[in-house]
J.: 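Structure below; questions to follow.
For the numbers below, each heavy atom of this structure counts, side chains included, while hydrogens, waters and symmetry mates do not.
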Amino acid sequence: MSRSEQTEVAGQAHPEQKTAGRAGKASRVLLVLVLLAAAGGAAWTHFGRGGASELVLYGNVDQRQIELAFMDSERIAEVLVQEGDIVAPGQLLARQETRRLQDRIAVAEGQTAACEAALLRLRNGTRPEEIDQARAAAASARAELNYAEADLRRYRGIWKESRGQAVSRQDMEQSQLKRDVAKAQLTEQEKALRLAEIGPRDEDIAEAEANLREARASLDQLRNLLADAELRSPARSVVFRRLLEPGDMGTAGRTVFSLAVLEPKWVRAYVSETEMGHVATGMRALIETDSNPGRSVEGTVGFVSSVAEFTPKTVETTELRTSLVYEVRVYTNDADNILRLGMPATVRFPDAGARE
């Protein structure tokens with residue numbers, strides 16, 4: 001065969017070999033793509049929760065609220081704070097009228113002072129001068145009795161000598177009556193002297209102590225009412241609503257202020273059952289809001305519910321609304337007051353992958 005014929009035969013066989021080579025290369029490329037796709041799917045399954053080793057939840061900022069009201073009914077005299085003011089614990093917010101209460105306190109103070117004096121008098125006992133006075137009264141009663149007895153003996157002698165002619169029976173009876181009265185008075189004065197020497201009874205002291213306790217309790221009650229006439233903040237908080245003004249009638253149960261407690265705040269979020277194993281109490285979290293892009297607030301998981309519930313409609317997640325989720329609370333102090341009540345927030349858990 002000539003060289004030209006060999007070249008023609010080779011030229012006819014070359015396209016088939018070329019096609020077979022291209023098919024093999026395409027198969028290898030397809031295999032590589034399949035492997036890459038599988039690897040990518042695995043990576044999405046493992047890291048598809050918002051970034052590598054990161055769990056992302058969505059929720060809203062929440063904080064405790066206090067409805068402040070006065071204990072008793074009285075007209076409001078002063079309201080000292082405005083809506084939006086940040087108040088400290090114990091800060092005075094409003095005050096009621098106290099004029100009538102002050103008058104009642106003055107009366108109670110006088111009664112308490114009288115009870116204290118009576119108790120002190122009983123505890124000190126009888127003074128020496130009072131004992132001397134009782135002795136003098138007893139001596140005077142004894143002298144009166146002696147005189148009455150002597151007068152009665154004289155009348156009796158005259159009656160006997162005159163055989164009832166010089167002294168009438170009425171005079172005799174009157175003289176005897178004076179003797180009996182003087183005798184009774186002497187007995188009374190001697191008993192009074194004895195009581196003065198013994199001093200007050202224990203029962204009298206106990207009664208005086210009880211009266212004093214009652215008076216002091218009444219006074220303390222009125223002073224508590226006076227303290228309750230001042231409305232003070234129970235915690236560091238912000239005045240959310242101011243509902244009553246000076247001149248309004250503040251009654252028990254009628255809210256004067258609505259306060260939002262500043263510490264702590266938390267984000268109420270919900271985690272699906274498949275992600276429950278990636279969240280635990282004490283885990284660190286980062287809280288982000290749309291109003292502060294690129295700025296996060298650190299928080300800590302403080303509560304993970306053990307009861308499943310349906311996803312609330314206010315929570316925006318990629319899960320179905322009818323799926324069961326568990327409530328998670330991420331607490332934070334938020335010293336810069338970035339988070340506001342009801343604000344939507346994104347919670348990221350950078351360390352969630354470490355638990356897988």
J.: Between D85 (side chain only) and Q82 (backbone N and O only), is there a donor and an acceptor less than 3.5 Å apart?
T.: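 Checking the backbone N and O of Q82 against the side chain of D85, a donor-acceptor pair under 3.5 Å is found.
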
J.: Mark yes when over 12 heavy atoms from residues, nucleotides or ligands other than F303 sit less than 6.0 Å from its CZ; otherwise mark no.
T.: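 Buried by this count: over 12 neighbours within 6.0 Å.
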
J.: Hey, quick one: are L341 and I287 part of the same hydrophobic cluster, counting side-chain heavy atoms closer than 4.5 Å, chains of contacts allowed?
T.: no

J.: If you count every heavy atom of other residues, nucleotides or ligands that lies below 6.0 Å from R194 atom CZ, does the total exceed 12?
T.: no

J.: Hydrophobic clusters here meaning ILVMFWY residues chained together by side-chain heavy-atom distances under 4.5 Å, can you tell me if V87 and I76 are in one?
T.: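 Yes, V87 and I76 fall within the same hydrophobic cluster.
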
J.: Report the distance from atom CG of L212 to atom CG of L119, rounding to the nearest 0.5 Å.
T.: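 Going from CG on L212 over to CG on L119, the span is 6.0 Å.
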
J.: Answer yes if L262 and Y331 sit in the same cluster of Ile, Leu, Val, Met, Phe, Trp and Tyr residues linked by side chain heavy atoms under 4.5 Å apart, and no otherwise.
T.: no

J.: Which pair of heavy atoms, one from N60 and one from G342, lies closest together, and at what distance?
T.: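 Taking N60 first and G342 second, the nearest heavy atoms are ND2-O, 3.4 Å.
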
J.: Ion pair present between K183 and E149, side-chain N to carboxylate O less than 4.0 angstrom?
T.: no

J.: Hey, does the side chain of S233 reach the backbone of A235 with a donor-acceptor pair shorter than 3.5 angstrom?
T.: yes

J.: Measuring only between side-chain heavy atoms, which start at C-beta, is N211 closer than 4.5 Å to E207?
T.: yes

J.: Please list all pairs passing the salt bridge (Lys or Arg N to Asp or Glu O under 4.0 Å) test where one or both residues lie in residues 211-221, with sequence neighbours left out.
T.: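 Found E116-R216.
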
J.: Is L222 linked to M71 within one hydrophobic cluster, defined over Ile, Leu, Val, Met, Phe, Trp and Tyr using a side-chain heavy-atom separation of less than 4.5 Å?
T.: no

J.: Side chain of R95, backbone of A77: donor and acceptor closer than 3.5 Å?
T.: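 Not a single qualifying donor-acceptor pair exists.
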
J.: So among D334, D290, D336, which one has a salt bridge (Lys or Arg N to Asp or Glu O under 4.0 Å) with R295?
T.: D336

J.: Closest heavy-atom contact between P264 and N333?
T.: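 P264 and N333 have their closest heavy atoms at CB-OD1, 4.5 Å.
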
J.: What's the spacing between S296 OG and I338 CD1 if we round to 0.5 Å?
T.: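 Nearest 0.5 Å value for the OG-CD1 distance: 8.5 Å.
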
J.: Does Q133, at its CD atom, have more than 12 non-hydrogen atoms belonging to other residues, nucleotides or ligands within less than 6.0 Å?
T.: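 Check fails, neighbour count at 12 or below.
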
J.: Within this structure, what is the CD-CZ distance for the pair E67 and F240, rounded to the nearest 0.5 Å?
T.: 9.0 Å

J.: Is it true that atom CD of Q221 has more than 12 heavy atoms of other residues, nucleotides or ligands lying nearer than 6.0 Å?
T.: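 No.
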
J.: So, for E288 and R348, which heavy atoms are closest and what is the spacing to 0.1 Å?
T.: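 Here E288 and R348 meet closest at OE1-NE, 3.2 Å.
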
J.: I'd like to check V81 versus Q91 (side-chain heavy atoms, cut-off strictly below 4.5 Å). Are they in contact?
T.: yes

J.: Is there a side-chain contact (heavy atoms from CB on, under 4.5 Å) between D180 and Q176? Walk through the geometry before answering.
T.: CA-CA 6 Å; D180 294 340; Q176 186 174 356; 4.3 Å; yes

J.: Can a salt bridge be assigned to the pair R135 and E197 using a cut-off of 4.0 Å between side-chain N and carboxylate O?
T.: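 Yes, charged N to carboxylate O under 4.0 Å.
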
J.: With a 4.5 Å heavy-atom cut-off, do V347 and V56 have their side chains touching?
T.: no

J.: Is there a side-chain contact (heavy atoms from CB on, under 4.5 Å) between V267 and V61 once you walk through the steps?
T.: CA-CA 4 Å; V267 174; V61 178; 4.3 Å; yes

J.: Could you go step by step and tell me if D228 and F70 meet the side-chain contact (heavy atoms from CB on, under 4.5 Å) rule?
T.: CA-CA 7 Å; D228 291 337; F70 287 107; over 6 Å; no

J.: Flag the pair E209 and R123 as a salt bridge only when some basic side-chain nitrogen lies within less than 4.0 angstrom of an acidic carboxylate oxygen.
T.: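 Between R123 and E209 there is a salt bridge, with a charged N closer than 4.0 Å to a carboxylate O.
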
J.: Answer yes when R242 and E245 have at least one side-chain N-carboxylate O distance shorter than 4.0 Å, and no when they do not.
T.: yes

J.: F349 versus L57: any side-chain heavy-atom pair under 4.5 Å?
T.: yes

J.: Heavy atoms only: give me the nearest S73-Q96 pair and the separation to one decimal.
T.: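 Looks like C-NE2, 4.2 Å.
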
J.: Looking only at heavy atoms, which two atoms of V79 and P246 are closest? And how far apart?
T.: CG2-CD, 3.6 Å

J.: Is the shortest heavy-atom distance from the side chain of P350 to the side chain of R284 under 4.5 Å?
T.: yes

J.: How many angstroms lie between atom NZ of K178 and atom CG of L152, to the nearest 0.5 angstrom?
T.: 11.0 Å

J.: Knowing that exactly one of K265, R340, R268 qualifies, which makes a salt bridge (Lys or Arg N to Asp or Glu O under 4.0 Å) with D62?
T.: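 Checked K265, R340, R268 against D62; only one passes salt bridge (Lys or Arg N to Asp or Glu O under 4.0 Å): R268.
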
J.: Using 0.5 Å steps for rounding, measure from the OH atom of Y58 to the OG1 atom of T346.
T.: 5.5 Å

J.: Please check if the number of heavy atoms outside Q170 that lie under 6.0 Å from its CD is greater than 12.
T.: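 Atom CD in Q170 is not crowded, with 12 or fewer foreign heavy atoms closer than 6.0 Å.
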
J.: Short question: side chain of Q63, backbone of V261 - any donor-acceptor pair under 3.5 Å?
T.: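 A pair under 3.5 Å: yes.
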
J.: Report the C-alpha distance between E190 and R142 in whole Å, list the side-chain angles of each, state the deciding distance to 0.1 Å, and finish with yes or no for side-chain contact (heavy atoms from CB on, under 4.5 Å).
T.: CA-CA 9 Å; E190 288 178 344; R142 187 175 293 106; 3.1 Å; yes

J.: Are L231 and L243 connected in a single hydrophobic cluster, I mean Ile/Leu/Val/Met/Phe/Trp/Tyr linked by side-chain heavy atoms less than 4.5 Å apart?
T.: no

J.: Do you know which two heavy atoms are closest between V238 and G84, and how far apart they sit?
T.: CG2-O, 3.6 Å

J.: Enter the distance from S291:OG to L339:CG here, rounded to the nearest 0.5 Å.
T.: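 The CG atom of L339 is 8.0 Å from OG of S291, to the nearest 0.5 Å.
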
J.: Between E83 and R241, does any NZ, NE, NH1 or NH2 come within less than 4.0 Å of an OD or OE carboxylate oxygen?
T.: no

J.: With the side chain counted from C-beta on, respond yes when T300 and T332 share a heavy-atom pair under 4.5 Å apart, and no when they do not.
T.: no

J.: Kindly indicate whether the side chain of V239, heavy atoms from C-beta on, has any atom under 4.5 Å from the side chain of I86.
T.: no

J.: Do the non-hydrogen side-chain atoms of V301 and V328 ever get within less than 4.5 Å of each other?
T.: yes

J.: For residues 103-114, pull every pair meeting salt bridge (Lys or Arg N to Asp or Glu O under 4.0 Å), keeping only residues two or more places apart or in separate chains.
T.: E109-R223

J.: Is any NZ, NE, NH1 or NH2 atom of the basic residue among R232 and E230 found under 4.0 Å from an Asp or Glu carboxylate oxygen of the other?
T.: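 Between E230 and R232 there is a salt bridge, with a charged N closer than 4.0 Å to a carboxylate O.
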
J.: Check whether any side-chain N or O of N124 sits under 3.5 Å from a backbone N or O of L120 as a donor-acceptor pair, and report yes or no.
T.: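 Between the backbone of L120 and the side chain of N124 there is a qualifying donor-acceptor contact (under 3.5 Å).
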
